[in-house]
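Beneath this line is the structure, given in structure tokens, with notes to follow.
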Amino acid sequence: MLRTFNRVIDNLLINFSFISIFFLRLALGVAFIFHGWSKFPLPAQKLIDYFNFSPLLANFVAISEVSAGFLLIIAGLSKSYLANILTRICSLTIIIIMIFAFYFAHLDWFFNEKLFTSEQIFLFFIGLFFFINGNKNFKR
């Protein structure tokens, strides 16, 4: 009975697997757009004051966050080779930003409950997911 139920659900939802992956991509992209947008107007004064970044580096981080989020979403709308490369470049940018965020802002979080109750670790792992998988079609 459970196998039949599972098969029915699989058959109903198999055509929607690509949408679930796109929703994951959309959530990561929008999160990075908002994170980057909060650092505007340029120069990103919060980064300059809090982390002692140069204005050039602070601007680069803010623009990279917004760009990576936006381009990650756009790349998900195409199945082309270039969109696949763009997905991997954007997700690598997100991974690198998150590694530096952990190092500069959240070093005291390793390894305790703060790390796994914050959004940052999930942004890192979703970025890793898209870096590894690119624009694969997850349909069977």
Side-chain angles (χ1 to χ4, degrees):
M1 171 119 170
L2 287 177
R3 283 186 192 199
T4 305
F5 176 74
N6 192 39
R7 216 174 296 126
V8 168
I9 295 298
D10 278 351
N11 289 334
L12 285 172
L13 297 179
I14 193 67
N15 294 325
F16 295 100
S17 65
F18 72 96
I19 293 173
S20 66
I21 299 301
F22 186 76
F23 284 154
L24 190 63
R25 176 188 297 268
L26 184 65
L28 180 61
V30 168
F32 258 78
I33 291 168
F34 283 144
H35 276 274
W37 197 258
S38 71
K39 295 170 177 71
F40 281 75
L42 299 179
Q45 200 60 44
K46 291 179 186 175
L47 294 177
I48 294 169
D49 295 341
Y50 190 75
F51 297 113
N52 201 26
F53 285 177
S54 69
L56 181 65
L57 180 59
N59 292 346
F60 179 75
V61 169
I63 292 169
S64 295
E65 288 179 352
V66 171
S67 300
F70 180 72
L71 292 173
L72 184 72
I73 294 168
I74 297 301
L77 299 174
S78 173
K79 301 261 187 254
S80 73
Y81 175 76
L82 288 176
N84 189 48
I85 296 296
L86 186 59
T87 291
R88 290 207 160 108
I89 291 169
C90 291
S91 59
L92 181 61
T93 302
I94 288 169
I95 291 167
I96 291 169
I97 288 170
M98 292 314 302
I99 288 170
F100 278 97
F102 289 138
Y103 180 77
F104 283 109
H106 307 297
L107 195 56
D108 59 329
W109 288 9
F110 290 96
F111 282 91
N112 62 36
E113 72 280 354
K114 285 184 182 177
L115 179 65
F116 294 98
T117 57
S118 73
E119 70 185 44
Q120 283 84 357
I121 192 71
F122 298 105
L123 295 175
F124 171 79
F125 279 114
I126 296 170
L128 188 61
F129 173 85
F130 284 110
F131 181 70
I132 292 168
N133 292 291
N135 277 9
K136 279 186 189 169
N137 185 356
F138 289 90
K139 214 173 168 184
R140 283 191 215 169

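One is the number of the first residue; the rest follow in order along the sequence.
- Here CZ of Phe122 is found 11.5 Å from CE of Met98. Values are rounded to the nearest 0.5 Å.
- Residues satisfying the side chain to side chain contact (heavy atoms under 4.5 Å, CB included) test with Ile95, not counting sequence neighbours, are Ile99, Phe124, Leu128, Phe131.
- With sequence neighbours excluded, the residues satisfying side chain to side chain donor-acceptor pair (under 3.5 Å) with Ser78 are Ser80.
- The main-chain N or O of Thr87 is never found under 3.5 Å from a side-chain atom of Asn135 such that the two would form a donor-acceptor pair.
- A 6.0 Å sphere centred on CZ of Phe22 holds more than 12 heavy atoms belonging to other residues, nucleotides or ligands.
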Would you tabulate the side-chain donor-acceptor contacts of residues 50-73 under 3.5 Å, counting partners in other chains and residues two or more places apart, or write 'none'?
from: Ser54; atom 1: OG; to: Leu57; atom 2: N; distance (Å): 3.1
from: Asn59; atom 1: OD1; to: Ala44; atom 2: N; distance (Å): 3.3
from: Asn59; atom 1: ND2; to: Pro55; atom 2: O; distance (Å): 3.3
from: Ser64; atom 1: OG; to: Phe60; atom 2: O; distance (Å): 2.7
from: Glu65; atom 1: OE1; to: Gly36; atom 2: N; distance (Å): 3.1
from: Glu65; atom 1: OE1; to: Lys39; atom 2: NZ; distance (Å): 2.9
from: Ser67; atom 1: OG; to: Ile63; atom 2: O; distance (Å): 2.8

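- One finds the CD1 atom of Ile9 at 11.5 Å from the OG1 atom of Thr4 (value rounded to the nearest 0.5 Å).
- Interatomic distance, Asn133 CG to Arg88 CZ, rounded to the nearest 0.5 Å: 7.5 Å.
- Between Phe40 and Trp37, the ring planes lie parallel to each other; the angle is under 30°, not in the 30° to 60° tilted range.
- Once rounded to the nearest 0.5 Å, the distance linking OG of Ser91 with CG of Leu86 reads 9.5 Å.
- Separation of atoms CZ (Phe32) and CD1 (Ile97) is listed at 5.0 Å; rounding is to 0.5 Å.
- Under a hydrophobic clustering in which Ile, Leu, Val, Met, Phe, Trp and Tyr are joined whenever their side-chain heavy atoms come within less than 4.5 Å, directly or via other members, Leu47 and Tyr103 fall into the same cluster.
- Cluster annotation: Ile132 and Leu28 are assigned to the same hydrophobic cluster (Ile/Leu/Val/Met/Phe/Trp/Tyr, side-chain heavy-atom contacts under 4.5 Å, transitive).
- With hydrophobic clusters built from ILVMFWY side chains whose heavy atoms lie under 4.5 angstrom apart, Ile96 shares a cluster with Ile121.
- In this structure, CD1 on Ile89 lies 12.5 Å from CD1 on Ile94, to the nearest 0.5 angstrom.
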